[in-house]
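The structure appears right after this line, and notes come after that.
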Amino acid sequence: MARAAVLGRLMWRVAEVVNVVPQTPGVKTIAFDVPGWPGHRAGQHVDVRLTAEDGYQAQRSYSIASVPDGTRLQLTVERLEDGVVSPYLTDELRPGDRIELRGPVGGWFVWEPAQGGPLLLVAGGSGVVPLMAMIHARAAAGSDVDTRLLLSSRSWEDVIYREELERLGGDGLAVIHTLTRSQPPGWTGYARRVDAEMLAEVGPSPTERPGVYVCGPTPFVEAVAEALVQLGHEPHRVKTERFGPTGG
């Protein structure tokens, strides 16, 4: 009920597309200019609403990928074949086009540099988007807080933000990949689904009381969160955000 009340006070705004950048064959980052945008925190999301000529409306939620930057924000969207909204966002939008969005939404799954660390960020596929906003916020603040990102992707070609993560690595940020379906020749990294052993190897120790953020498909998030608690991480320090197959 509280969430509904907060949403009721949020207004729909017209967002204009500024730029569209491919990330992988099925994922694009879309930059918008949103006049009157009130700002946001890393980890929050927006609701996107599309209205067809016949009046039919479709609405979906997408995590914000960027740090607060005036009236600008970025969404990174994965195209879902059976999606209603994501094919339009990834295939049809061009600079100058406009959509409606509402936000920012969410106050639990957020991180700001003042909170410090260490941090353990665990993502499955496009679940990396709100975690990337945290990494962007860390970089913008010049923070060197110990941060580990464990990113699970189907293949090397499916790694979202791959080149950007390579550039940002260092200064306390470690990026660890696991490729679950196929690996390039000579691959020496992880090649399986995230499990307790992997989390223990990658992790800060539970004794360091890291802030932990896990985002991805519901089964992924549930399995990772359960493994983290079994390893000794305090449940209230393991924050989760999940999405289902109809989130497109």
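All heavy atoms count here, side chains included; hydrogens, waters and symmetry mates do not.
- In terms of modelled atom types and a separation under 3.5 Å, the side chain of H136 and the main chain of A65 share a donor-acceptor contact.
- Under the 6.0 Å distance and 45° angle rule, R72 does not count as a cation-pi partner of W37.
- A donor-acceptor pair under 3.5 Å is formed between the side chain of Q44 and the backbone N or O of G106.
- The residues R60 and D47 are annotated as not salt-bridged, no charged nitrogen and carboxylate oxygen being separated by less than 4.0 angstrom.
- The one candidate from V238, T147, L228 that meets the side chain to side chain contact (heavy atoms under 4.5 Å, CB included) condition with L120 is L228.
- When every heavy atom of W111 is checked against every heavy atom of P113, the shortest pair comes out as CH2-CA, 3.4 Å.
- Surrounding CG of D195 are more than 12 heavy atoms belonging to other residues, nucleotides or ligands, all under 6.0 Å away.
- The heavy-atom pair separating V46 from G103 by the smallest distance is CG1-CA, 4.4 Å.
- Defined by atom type and a distance below 3.5 Å, a donor-acceptor pair is missing between the side-chain atoms of Q74 and T29.
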side-chain contact (heavy atoms from CB on, under 4.5 Å) between L75 and V48: does it pass, once the steps are laid out?
CA-CA 10 Å; L75 305 180; V48 171; 3.9 Å; yes

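- Under the 4.5 Å side-chain criterion, counting only non-hydrogen atoms from C-beta, M134 is in contact with F109.
- In this structure, OG in S126 is found 5.0 Å from CD1 in I160, a value given to the nearest 0.5 Å.
- Pairing each heavy atom of A15 with each of L101, the nearest pair is CB-CD2, 3.6 Å.
- Under the side chain to side chain donor-acceptor pair (under 3.5 Å) criterion, T188 pairs with no residue, sequence neighbours left out.
- Between the side chains of Y190 and S152, no donor-acceptor pair is found at a separation under 3.5 Å.
- One hydrophobic cluster holds both L93 and L73 under the rule that ILVMFWY side chains link at heavy-atom gaps under 4.5 Å.
- A salt bridge does not link E100 with R13: every distance from a Lys NZ or Arg NE/NH1/NH2 to an Asp or Glu carboxylate oxygen is 4.0 Å or more.
- Across all non-hydrogen atoms, the minimal contact from R41 to G107 is NH1-O, 4.2 Å.
- The existence of a salt bridge linking R79 and E81 is confirmed by a sub-4.0 Å separation between a basic side-chain nitrogen and an acidic carboxylate oxygen.
- Counted by atom type alone, H233 and E208 present zero donor-acceptor pairs between their side chains at under 3.5 Å.
- If you take CZ on R148 and CD on E201, they are separated by 12.5 Å, rounding to the nearest 0.5 Å.
- Checking each of I176, L150, V224 against M198 for a side chain to side chain contact (heavy atoms under 4.5 Å, CB included) leaves exactly one that passes, namely L150.
- Atom-to-atom distance recorded for E112:CD and S143:OG is 12.5 Å, nearest 0.5 angstrom.
- Looking at R242 and E222, a side-chain N of the basic residue comes within less than 4.0 Å of a carboxylate O on the acidic one, giving a salt bridge.
- When side chains are defined from C-beta on, L121 does not count as touching L151, because their heavy atoms never get closer than 4.5 Å.
- Across all their heavy atoms, R237 and R209 have their closest contact at NH2-O, 2.7 Å.
- Using a 4.5 Å heavy-atom threshold, the side chains of V129 and Y161 count as touching.
- In this structure the side chain of I30 never reaches within 4.5 angstrom of the side chain of V21, judged on heavy atoms.
- For the pair E241 and Y213, the minimum side-chain heavy-atom distance is 4.5 Å or more.
- In this structure, a donor-acceptor pair under 3.5 Å is absent between the side chains of T24 and D158.
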Do F32 and I99 pass the side-chain contact (heavy atoms from CB on, under 4.5 Å) test, and can you show the C-alpha distance, the side-chain angles, and the key distance before you say yes or no?
CA-CA 9 Å; F32 295 92; I99 65 169; 3.6 Å; yes

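- Aromatic ring pairs are classed by plane angle as parallel below 30°, tilted from 30° to 60° and perpendicular above 60°; the pair W156 and H177 is perpendicular.
- A single hydrophobic cluster is not seen to contain both V27 and V17; linkage of ILVMFWY side chains at heavy-atom distances under 4.5 Å, directly or through other members, places them apart.
- Within a 6.0 Å radius of CZ in R192, more than 12 heavy atoms belonging to other residues, nucleotides or ligands are found.
- Residues S153 and L179 are in side-chain contact: their nearest non-hydrogen atoms beyond the backbone lie under 4.5 Å apart.
- Note on L50: it clusters hydrophobically with V20, by side-chain heavy-atom contacts below 4.5 Å among ILVMFWY residues.
- Contact annotation: the side chain of M132 approaches that of L165 to within less than 4.5 Å [non-hydrogen atoms, C-beta and beyond].
- Residues G43 and A133 come closest through the heavy atom pair N-CB, 4.2 Å.
- Here the CZ atom belonging to R154 is positioned 13.5 Å from the CD atom belonging to Q183, to the nearest 0.5 angstrom.
- Separation of atoms OG1 (T51) and CD (Q57) is listed at 3.5 Å; rounding is to 0.5 Å.
- Contact of the R193 side chain with the T178 side chain is not registered, since no non-hydrogen atoms from C-beta on lie closer than 4.5 Å.
- Cluster annotation: V34 and L89 are assigned to the same hydrophobic cluster (Ile/Leu/Val/Met/Phe/Trp/Tyr, side-chain heavy-atom contacts under 4.5 Å, transitive).
- Two different hydrophobic clusters hold V212 and L149 under the rule that ILVMFWY side chains link at heavy-atom gaps under 4.5 Å.
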Between D97 and R94, does a side-chain contact (heavy atoms from CB on, under 4.5 Å) hold up when you go through it step by step?
CA-CA 6 Å; D97 290 346; R94 300 290 185 273; 3.7 Å; yes

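- Side chain of D91 to main chain of Y88: no donor-acceptor pair is present (N/O by atom type, distance under 3.5 Å, no hydrogens or angles).
- Note that CG of D33 is 9.5 Å distant from CZ of R98, once rounded to the nearest 0.5 Å.
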